[in-house]
Amino acid sequence: MKVLMVCLGNICRSPLAHGILLNSASKSWLIDSAGTSGWHEGERPDTRSIITAKNHNINIEDQKSRKFVLDDFDKYDVIFAMDSSNFSNLTAIAPNKTSADKIRLLMNEAYPDENRQVPDPYTGGQQGFEQVYQMLNHAIHCFLESNS
Ligand code: 4NP
């Protein structure tokens, strides 16, 4: 299975999602994350994401932010958006239906068809990152249960 986690900046939500999935999935899986913007290209995850991950024994500090590229549609089987803005940004650049069909809202793994959002924690405090972690962890383990 090849899975790409996508948010806006690829420094807060998707690096956490990437780390959680990498920590629990089979080593045979290809897992990465990207941002729909290139605003933080080359940067490490936000310190608050690094700390939150570390609190749960997950190391994400070696990740580097990158922008989503069209080749990702070919390379990955599933492309998870954190919120509906990420989802529509990805859908807008999908070159065909095969690509568009790979895009899913991550929280729908836990709450099918409810289109729940993983909130952007960037402007908030550390507590918001822990809440995001809990949401991501729940949805990712639901995904793993139906794909292992
Ligand atoms: P992320 O959070 O999409 O979860 O990585 C954000 C990071 C940076 C910005 C916005 C959201 N920003 O505006 O720079």
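Side-chain atoms are counted along with the backbone in the values below, which use heavy atoms only and exclude waters and symmetry mates. Whatever order the structure lists ligands and atoms in, that order sets their numbers, starting from 1. Everything numeric in this text was worked out from a predicted model, so none of it was measured.
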For residues 13-24, please give each side-chain donor-acceptor pair under 3.5 Å, one per line with the distance, not counting sequence neighbours.
unit_1	atom_1	unit_2	atom_2	d
R13	NH1	D83	OD2	2.9
R13	NH1	V118	O	2.9
S14	OG	N10	ND2	2.9
H18	ND1	S33	OG	3.1
H18	ND1	Q63	OE1	3.3
S24	OG	H141	NE2	3.2

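- For the 3.5 Å distance criterion, the side chains of N96 and S99 qualify, holding a donor opposite an acceptor.
- Under the side chain to side chain contact (heavy atoms under 4.5 Å, CB included) rule, V6 has a single partner from D32, L90, I103, which is L90.
- Every residue two or more places apart in sequence or in another chain was checked for a ring pair (Phe, Tyr, Trp, His ring centres under 6.0 Å) with F87, and none qualifies.
- Applying the ring pair (Phe, Tyr, Trp, His ring centres under 6.0 Å) test to F73 and every residue at least two apart in sequence or in another chain returns F68.
- Protein residues with a heavy atom closer than 4.0 Å to ligand 1 are C7, L8, G9, N10, I11, C12, R13, W39, H40, D120, Y122, listed by chain and number.
- No more than 12 heavy-atom neighbours from other residues, nucleotides or ligands sit within 6.0 angstrom of CG on D113.
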